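Only one structure is covered here, and it is reproduced in the block below.
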Amino acid sequence: MLNVTNINVYYGNIHALHDMTFHVDDGEIVSLIGANGAGKSTTLKTISGLLRSHTGDIEFDGHSISRTEPDIIVRQGLTHVPEGRRIFLSMTVEENLDMGAFTIKEGKKKALDEVFDRFPRLAERRNQIAGTLSGGEQQMLAMGRALMIRPKMMMLDEPSMGLAPILVSQIMDIVVELNKAGTTILLVEQNARMALRISHRSYVIESGRIVLSDTSENLLNNEQVKKAYLGG
Ligand SMILES: Nc1ncnc2c1ncn2[C@@H]1O[C@H](COP(=O)(O)OP(=O)(O)OP(=O)(O)O)[C@@H](O)[C@H]1O
Ligand SMILES: [Mg+2]
């Protein structure tokens with residue numbers, strides 16, 4: 001579904017991503033694990049077209065998207081739930097979801113109903129101003145907004161950030177459900193244990209380079225990973 005081949009990304013003269021190559025198959029949950037500043041968000045931003053690689057290629061669903069505008073990438077079925085959620089705080093829940101549907105003309109109502117079915121909490125609060133939602137509800141809204149176009153693939157940047165443990169597991173359960181319903185997932189997490197538990201495969205990123213890649217099961221038992229990311 002997604003093939004990232006040899007990308008190099010710079011912020012001015014800071015070389016943030018080095019020769020990164022990885023892939024996500026149709027139907028998988030793949031996670032990217034790494035410390036603060038490793039380059040996880042940069043990777044997602046590059047895939048979604050917000051940053052550009054100087055080299056290589058990014059292919060989604062059989063088409064190169066490395067020169068495609070971000071809104072067209074969304075139209076092709078790849079959505080990005082950014083770090084920090086970036087919902088419209090002064091708009092209502094329903095207005096936020098409506099913004100997520102900018103690429104669709106028909107079936108908006110149906111998409112909205114599907115999102116409300118998946119997140120009953122959002123349905124109850126459809127007219128509430130998004131800025132007054134709790135952290136977990138805001139995360140649900142950000143995910144719901146990305147689901148409005150019924151994406152083939154969703155990229156989630158630290159969905160567990162700032163959430164209480166019980167909400168973290170709820171959000172992770174939702175990610176698994178979405179995947180079972182057919183959405184391919186690329187998950188970025190600092191909560192490595194959680195990410196490894198729910199993903200099929202993972203890549204470990206250090207200083208903008210992929211240093212390890214394996215099934216999540218193997219990585220959970222990898223001494224190096226245990227020491228660096230799972231607290232021993
Ligand atoms: N706009 C920017 N300008 C300059 N450097 C940047 C910019 N954004 C990120 N960087 C640098 O690029 C590197 C990778 O950052 P990135 O945000 O991708 O890390 P991350 O793995 O997502 O970290 P975190 O877990 O803290 O979110 C860091 O060294 C960061 O300081
Ligand atoms: Mg980040």
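From a predicted model like this one, the values you see are computed outputs, not experimental measurements. All ligand and atom numbering here is 1-based and tracks the order in the structure.
Proximity of Ala35 to ligand 1 is established by a heavy-atom distance of less than 4.0 Å.
Close N/O approach between Gly34 and ligand 1 is not found [any backbone or side-chain N/O within under 3.5 Å]. Taking only nitrogen or oxygen atoms, main chain and side chain alike, Ala38 reaches within less than 3.5 Å of ligand 1. Considering backbone and side-chain N/O of Glu83, one or more are found under 3.5 Å from N/O of ligand 1. Considering backbone and side-chain N/O atoms, Gly37 comes within less than 3.5 Å of an N/O atom of ligand 1.
The single protein non-hydrogen atom nearest to atom 18 (O) of ligand 1 is Thr42 OG1, 2.4 Å, given as residue, atom name and distance. If you check which protein heavy atom lies closest to atom 17 (O) of ligand 1, you get Ser41 CB, 3.8 Å. For atom 26 (O) of ligand 1, the closest heavy atom belonging to the protein is Asn36 ND2, 2.8 Å. Atom 10 (N) of ligand 1 has as its closest protein heavy atom Tyr11 CE1, 3.3 Å.
Using a 4.0 Å threshold on non-hydrogen atoms, atom 30 (C) of ligand 1 does not count as touching the protein.
Atom CD of Gln224 has 12 or fewer heavy atoms from other residues, nucleotides or ligands within 6.0 Å. By the neighbour-count criterion of 12 heavy atoms within 6.0 Å, atom CD of Glu95 is densely surrounded, having more than that number from other residues, nucleotides or ligands.
Every residue was checked against the salt bridge (Lys or Arg N to Asp or Glu O under 4.0 Å) condition with Arg86, not counting sequence neighbours, and none meets it.
Among the candidates Asp19, Thr5, Asn8, the single residue satisfying the side-chain hydrogen bond (donor to acceptor under 3.5 Å, both in side chains) test with Thr55 is Asn8.
At a 4.0 Å heavy-atom cut-off, ligand 1 touches Gln190 through the side chain alone.
At a cut-off of 3.5 Å, with distance as the only test, no side-chain donor of Ser64 or Glu59 sits close to an acceptor on the other residue. Neither side chain, Thr46 nor Ser53, offers a donor N or O lying under 3.5 Å from an acceptor on the other. Between Asp57 and Ser66, the side chains place a donor N or O and an acceptor N or O closer than 3.5 Å (distance only, hydrogens not considered). Between Thr42 and Tyr11, the side chains place a donor N or O and an acceptor N or O closer than 3.5 Å (distance only, hydrogens not considered).
Of the possible polar contacts, none joining the Lys152 side chain to the Phe60 backbone as a donor-acceptor pair under 3.5 Å is found.
Among the atoms of Ser41, an N, O or S atom is found under 2.8 Å from the Mg ion (ligand 2). Residue contact annotation: Asp157 places no N/O/S atom under 2.8 Å from the Mg ion (ligand 2).
Ring planes of Tyr10 and His15: parallel class, angle under 30° (limits at 30 and 60°).
Listed by number with element, the atoms of ligand 1 under 4.0 angstrom from any heavy atom of Glu158 are 25 (O), 27 (O).
The nearest non-hydrogen atom to atom 25 (O) of ligand 1, considering only Lys45, Met161, Lys40, comes from Lys40.
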